[in-house]
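Below, chain A is the first sequence line, B the second, and so on; all start at residue 1. Please read these numbers as outputs of a predicted model, since none were measured by experiment.
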Amino acid sequence: MEKYNPQAIEKKWQALWEREQTFRVTEDPRRDKFYLLVMFPYPSGRIHMGHVRNYAIGDLIARHQRLLGRNVLHPMGWDAFGMPAENAAIKQKTHPGRWTYANIEVMRRELKSMGLAYDWQREFATCDPVYAHREQELFLQLLDQGLVYRKLSLVNWDPVDQTVLANEQVIDGRGWRSGALIKRKELSQWFLRITAYAEELLADLAKLDGWPETVRTMQANWIGKSHGVEFAFQLDGHPATLPVYTTRPDTIMGVTFCSIAAEHPLAREVAAANPAAAAFVRECQAGGTSEEALERLEKKGFDTGLRALHPFTGAALPIYIANFVLMSYGTGAVMAVPAHDQRDFEFAKKHDIPIRVVIQPSGSPLDPDALTAAYTGPGVLVDSGPFDGLDNATAKERVAAAFQERGIGRATVNYRLRDWGISRQRYWGNPIPMIHCPRCGVVPVPREQLPVPLPEDVDLTVTGNPLEAHPAWKHCTCPTCGSAARRETDTMDTFVESSWYFLRYCGPDVPDAPLDRDRVNHWMPVDQYVGGIEHAVLHLLYARFFHKALRDLSWVRCDEPFTRLLTQGMVRKDTMRCPEHGWRYPNEVREDGGALRCADCGAVIAVGRNEKMSKSKHNVVDPNDLIAGYGADTARLFMLFAAPPERDLEWNESGVDGAWRFLNRLWRLVHEVLERAPGARPARAMPADRELRALRSRTHATIDKVGRDLERHQFNTGIAAVMELVNEGSQALAERPDPLEVEAAAILRELAETALLLLNPYVPHITEELWAALGGDGLLCNQTWPVADPEALVREQITIVVQVNGKLRARLQVAADLPEAELQAAALADAAVQAHLAGLTVRKVVVVPGRLVNVVAK
RNA sequence: GCGAAAGUGGCGGAACUGGUAGACGCCCUGGACUUAGGAUCCAGUGCCGCAAGGCGUGGGGGUUCGACUCCCCCCUUUCGCACCA
């Protein structure tokens with residue numbers, strides 16, 4: 001028997017699949033289609049373990065579906081615009097495009113070494129001129145639909161580098177390169193009106209029953225639909241009004257102050273006249289724009305001196321500028337009810353603002369002077385004039401009605417979801433095809449003048465946006481009036497590219513159009529989408545929105561792009577940090593007397609949190625080493641066996657050996673069957689011999705088990721089941737005479753062929769090789785998934801557990817069809833059970849058919 | 001801070017609908033074998049105990065004949081938070 005040599009085998013089959021275009025796919029009306037999509041990678045340089053996991057899972061499902069007879073679309077491409085390319089280009093003095101395409105070359109080769117069943121004919125990168133062109137076209141169509149607009153919004157501004165920073169580039173409120181304190185600055189930016197679809201995005205979550213509940217919940221919370229009341233305070237001695245939105249109109253009589261965002265028009269007005277207020281507003285503008293940063297701030301406020309008049313009592317309420325109020329949510333102003341909102345409570349305590357309890361819970365009444373926290377639960381209204389005595393749910397409606405009657409407010413629905421800001425002040429992205437003309441305003445680039453290409457000759461080292469600093473590119477003529485104009489220099493958020501790539505895969509070669517409607521409608525929706533849980537909200541919500549917008553432009557018919565979603569957990573590893581050199585790779589650390597030390601400076605290494613593998617944290621393991629050492633099959637098997645896909649996977653070297661050894665066991669089993677039963681035909685019926693009957697039952701129970709486990713995405717237990725089958729087959733071979741009797745040969749031949757078929761989607765190379773060794777007909781990956789023989793699944797004897805008061809006391813081997821009464825009698829007659837019942841009276845006997853008998857006694 | 005999850009032997013995990021806790025694999029221990037191999041095979045392997053037996057699924061409480069599974073409170077870890085992708 002030859003030794004298992006994965007490197008040689010894998011190369012051979014990969015070459016054959018490529019030569020024969022085995023996984024190339026076209027529309028086929030005779031077969032059910034199955035669209036299996038994996039999230040395409042950002043070409044960062046090399047594949048990492050997260051990719052290996054993602055693509056091993058996707059390939060498993062794709063190959064399984066192929067064996068089930070489906071016509072499977074399984075494409076791959078590159079999410080190729082983005083910041084890292086610019087950073088790398090500056091560092092390595094190259095061009096982002098060159099860096100990106102070089103990375104794609106490397107990563108394509110790496111992916112191919114995994115033996116993935118992709119239709120590579122459909123491959124594209126989102127930075128390809130064709131893709132960028134068609135995306136600009138779609139952008140203009142969205143513009144026509146009224147889904148694109150410009151407004152002011154906040155960015156992280158680095159005052160030293162004079163540039164906009166991404167949230168991840170702001171560390172503890174400072175710029176990552178300059179170290180300067182970051183300011184929030186307003187810029188005019190392009191937005192997509194995702195809020196126009198808020199209701200549909202929320203409602204359609206109910207249809208997505210193939211999605212994890214947790215993702216649907218996260219999206220629903222993100223959209224954040226709430227019912228409330230919108231009204232405007234009149235101000236005391238000031239012509240302006242202060243519109244607010246509240247979800248708690250029932251607490252209206254408990255309002256004792258208002259707070260407004262630092263960017264609120266009233267705040268600006270006050271700041272213009274009052275230096276102290278201006279200083280506070282400036283203070284509020286320090287730091288990054290991320291919601292997390294804002295929410296973690298120490299709550300601060302500044303009394304504007306302005307007074308809002310309570311809509312029902314006319315009481316004068318102070319208006320504070322507060323650093324925790326978001327201009328982007330609601331109206332940028334809130335009515336504050338300290339007794340019934342925790343944040344308002346803390347603020348009121350700090351600023352000595354009165355606290356008015358207006359909702360009393362049943363039971364002990366609240367004493368406003370003794371209150372240590374806001375009461376946010378249900379109750380009955382007090383001190384609320386005409387609303388006294390109402391329960392607060394009813395009060396919500398009554399107060400809303402009161403606002404409506406007086407014509408000063410109305411019940412409204414509000415969403416937490418904000419419109420999607422797609423402007424980026426960066427080079428390596430898709431240009432927004434708009435032109436600023438001093439006479440005509442902002443006008444779209446005419447369709448026939450598309451695409452707006454990125455200039456090749458660009459200086460990335462300038463401060464600010466490189467396109468802004470490229471006069472030849474920036475200056476143009478207005479398509480409407482012909483006067484001198486300038487191009488929009490913002491490029492698009494890369495989430496735009498990932499919002500329609502799955503549609504483009506359906507017909508990537510379509511001429512002169514973004515999409516091939518017929519082929520899109522043939523393949524869509526995606527039947528199974530596989531990707532990381534980190535995309536649960538943003539990417540998946542943007543893609544759903546974009547898809548719906550394209551549906552309304554008649555590019556696609558279905559309402560939702562992804563029917564089933566599998567979110568894989570992170571691949572994680574400990575992080576190691578040197579006080580001198582920062583994050584360290586495993587090979588930059590040595591062990592010294594129990595402590596880990598930096599290989600360069602010898603300082604003691606701090607072993608940090610176990611977290612998502614990422615280049616920036618240096619806690620990556622290179623899958624190429626794994627594949628080069630053990631082969632792709634071992635790498636794939638290990639990733640799929642180590643944990644169920646949804647769970648985070650803590651990287652651990654040991655365990656790879658287990659996968660390797662199992663493949664060797666499989667190798668030996670098949671070769672031994674071949675040698676000891678040459679020319680045997682697989683069994684097709686139950687044999688007479690009892691042991692062989694049990695063995696064949698095991699084969700078919702495994703078919704049943706693996707099939708069900710694949711359905712529920714429990715890949716690790718499916719592998720365990722085949723391991724058990726292979727172990728039993730090896731056992732049988734060890735115990736049987738050589739050469740095998742005819743009946744045994746048939747049973748073992750069936751077992752071996754079954755194991756190969758069941759494992760093929762997991763480990764495609766070794767199974768293909770062994771199938772060929774067995775003299776199998778054609779490619780294994782083109783065979784048909786096995787079906788369990790019902791006769792072989794019938795259990796004759798079963799084990800029944802007997803408990804006394806819930807504790808296990810005996811096991812009974814009984815016929816599967818033993819009547820309940822006889823089962824109960826047998827359980828009570830058991831010696832061990834009798835011993836535990838001594839001196840007790842049997843009160844009750846619980847019989848669970850096929851499982852257990854529980855005797856309850858006292 | 002807000003939203004969403006996860007926690008089971010020395011380790012990764014299994015237990016599908018409330019019904020045998022620890023399948024399968026790793027590690028480890030003892031033994032066999034020797035073409036000394038990335039070996040392989042056999043036996044053992046949750047904890048305490050000689051045993052009978054007791055204890056045991058992050059911690060505390062509850063529901064139930066019966067809880068890893070359901071409910072309440074707490075702890076720890078992870079993911080996301082709108083310019084990383």
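The side chain of A:Thr214 contributes no N or O atom lying less than 4.0 Å from OP1 or OP2 of B:rA5. Between A:Lys807 and B:rA21, a side-chain N or O to OP1/OP2 separation shorter than 4.0 Å is absent. Contact between the side-chain N/O atoms of A:Arg661 and the OP1/OP2 oxygens of B:rC27 is found at a separation under 4.0 Å. The side chain of A:Gln219 contributes no N or O atom lying less than 4.0 Å from OP1 or OP2 of B:rG80. A close approach under 4.0 Å does occur between a side-chain nitrogen or oxygen of A:Gln714 and OP1 or OP2 of B:rA14. Put simply, A:Arg647 has a side-chain N or O that comes within less than 4.0 Å of OP1 or OP2 on B:rA14. For the pair A:Asn221 and B:rA4, the criterion of a side-chain N or O lying under 4.0 Å from OP1 or OP2 is met. Phosphate contact (OP1/OP2 of B:rA82, side-chain N/O of A:Asn167, threshold under 4.0 Å): present. Residue A:Asn716 has a polar side-chain atom (N or O) positioned under 4.0 Å from OP1 or OP2 of B:rA14. Listed pair A:Arg712 / B:rA15 meets the phosphate criterion, a side-chain N or O lying under 4.0 Å from OP1 or OP2.
Each of A:Thr489, A:Asn465, A:Asp490 was evaluated against A:Gln425; a single residue qualifies, A:Asp490, per the side-chain hydrogen bond (donor to acceptor under 3.5 Å, both in side chains) test. The only option from A:Tyr42, A:Trp99, A:Phe81 that meets the ring-ring contact (aromatic ring centres under 6.0 Å, His included) definition with A:Trp428 turns out to be A:Phe81.
For A:Arg708, whose side chain is taken as the heavy atoms from C-beta onward, the closest listed nucleotide among B:rC16, B:rA23, B:rU20 is B:rC16. The listed nucleotides are B:rC24, B:rA82, B:rG19; the one nearest the side chain of A:Leu538 is B:rA82.
At a threshold of 4.0 angstrom between heavy atoms, the contacts of A:Phe662 with the nucleic acid are absent. If you check every strand for non-hydrogen atoms under 4.0 Å, A:Glu646 touches nothing. Counting any heavy atom pair closer than 4.0 Å across all strands shown, A:Leu294 reaches no nucleic acid atom. Residue A:Ala642 is classed as a sugar-phosphate contact, given heavy-atom separations below 4.0 Å to backbone atoms only. Within 4.0 Å (heavy atoms only), A:Ser498 reaches no atom of the nucleic acid at all. Among the atoms of the strands shown, only primed sugar atoms or phosphate atoms (P, OP1, OP2) are found under 4.0 Å from some heavy atom of A:Arg668. Counting any heavy atom pair closer than 4.0 Å across all strands shown, A:Phe495 reaches a base atom. Using a 4.0 Å heavy-atom criterion, one finds that A:Gln169 contacts no nucleic acid atom at all. The residue A:Gly629 sits close to a base: some heavy atom pair falls under 4.0 Å. Among the heavy atoms of the strands lying under 4.0 Å from A:Tyr42 are primed sugar atoms or P, OP1, OP2 only; no base atom is included. Across all strands shown, A:Glu291 has heavy atoms under 4.0 Å from base atoms, whether or not it also approaches the sugar-phosphate. Residue A:Arg665 is classed as a sugar-phosphate contact, given heavy-atom separations below 4.0 Å to backbone atoms only. At a threshold of 4.0 angstrom between heavy atoms, the contacts of A:Arg851 are confined to the sugar-phosphate backbone, with no base atom among them. Note on A:Val164: a base of the nucleic acid sits closer than 4.0 angstrom, heavy atoms only.
The interatomic distance linking A:Glu292 (CD) with B:rG3 (P) rounds to 14 Å, in whole Å. Atom CD in A:Gln568 sits roughly 14 Å away from atom P in B:rC79 (whole-Å rounding). Rounded to a whole Å, the CG atom of A:Leu154 is 18 Å from the P atom of B:rC81. What separates CG of A:Leu663 from C1' of B:rU40 is a distance of 16 Å, to the nearest Å. Between A:Glu534 atom CD and B:rG80 atom C1' the separation is 10 Å, expressed in whole Å. Atom CG of A:Asp493 and atom P of B:rA85 are 7 Å apart (whole Å). Separating the NE2 atom of A:His535 from the C1' atom of B:rG3 is a distance of 18 Å, rounded to the nearest angstrom. Straight-line distance from the CG atom of A:Asn727 to the C1' atom of B:rC26: 14 Å, rounded to whole Å.
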- Query: Dot-bracket for RNA chain B, 5' to 3', with Watson-Crick and G-U pairs under 3.5 Å, [ ] for crossing pairs and | for other-strand pairs: what is it?
  - Reply: (((((((..(((......[....))).(((((.......))))).(((....)))..(((((..]....))))))))))))....
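Applying the 90° cutoff around 0 to the glycosidic angle, B:rG9 is assigned syn.
Here the CG atom belonging to A:Leu808 is positioned 9.5 Å from the CG atom belonging to A:Leu852, to the nearest 0.5 angstrom.
Using a 4.0 Å cut-off between charged nitrogen and carboxylate oxygen, A:Arg416 and A:Glu291 count as a salt-bridge pair. Remark: A:Glu488 engages A:Arg150 in a salt bridge, criterion side-chain N to carboxylate O under 4.0 Å. Residues A:Arg708 and A:Asp704 are paired through a salt bridge, judged by an N-O separation under 4.0 Å between the basic side chain and the carboxylate.
Atom name C1', nucleotides B:rC74 and B:rC27: the rounded distance is 34 Å, in whole Å. The gap from the P atom of B:rU76 to that of B:rA82 amounts to 25 Å, rounded to the nearest Å. The gap from the C1' atom of B:rA6 to that of B:rC65 amounts to 31 Å, rounded to the nearest Å. Between the C1' atoms of B:rG59 and B:rA4, the separation comes to 22 Å (whole Å). B:rG7 and B:rG53 are spaced 33 Å apart, taking the P atom of each and rounding to whole Å. On the P atoms, B:rG3 is 14 Å away from B:rC73, given to the nearest whole Å. One C1' atom belongs to B:rC48, the other to B:rC33, and the distance between them is 37 Å to the nearest Å. Rounded to a whole angstrom, the distance from the C1' atom of B:rU57 to that of B:rG13 is 13 Å.
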- Item | salt bridge (Lys or Arg N to Asp or Glu O under 4.0 Å) between A:Glu724 and A:Lys705, intermediate numbers included | CA-CA 12 Å; A:Glu724 287 182 78; A:Lys705 166 89 176 145; over 6 Å; no
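Judged by atom type and distance alone, A:Arg843 does not reach the base of B:rC65 through any side-chain donor-acceptor pair under 3.5 Å.
Environment of CD in A:Glu2: sparse, with no more than 12 heavy atoms of neighbouring residues, nucleotides or ligands closer than 6.0 Å. The environment of A:Arg712 atom CZ is dense: over 12 non-hydrogen atoms of other residues, nucleotides or ligands sit within 6.0 angstrom. More than 12 heavy atoms of other residues, nucleotides or ligands shown are found within 6.0 angstrom of CG on A:Asp625.
Nearer to the 5' terminus of RNA chain B, by closest-nucleotide assignment, is the contact made by A:Ile719 (compared with the other of A:Asp419 and A:Ile719). Residues A:Leu187 and A:Ala643 both approach RNA chain B. Their nearest nucleotides, taken by heavy-atom distance, put A:Ala643 toward the 5′ side.
Between the side chains of A:Thr717 and A:Asp709, at least one donor-acceptor pair of N or O atoms lies under 3.5 Å.
Proximity of the aromatic rings of A:Tyr131 and A:Trp500 is defined here by a centroid distance below 6.0 angstrom, and this criterion is met.
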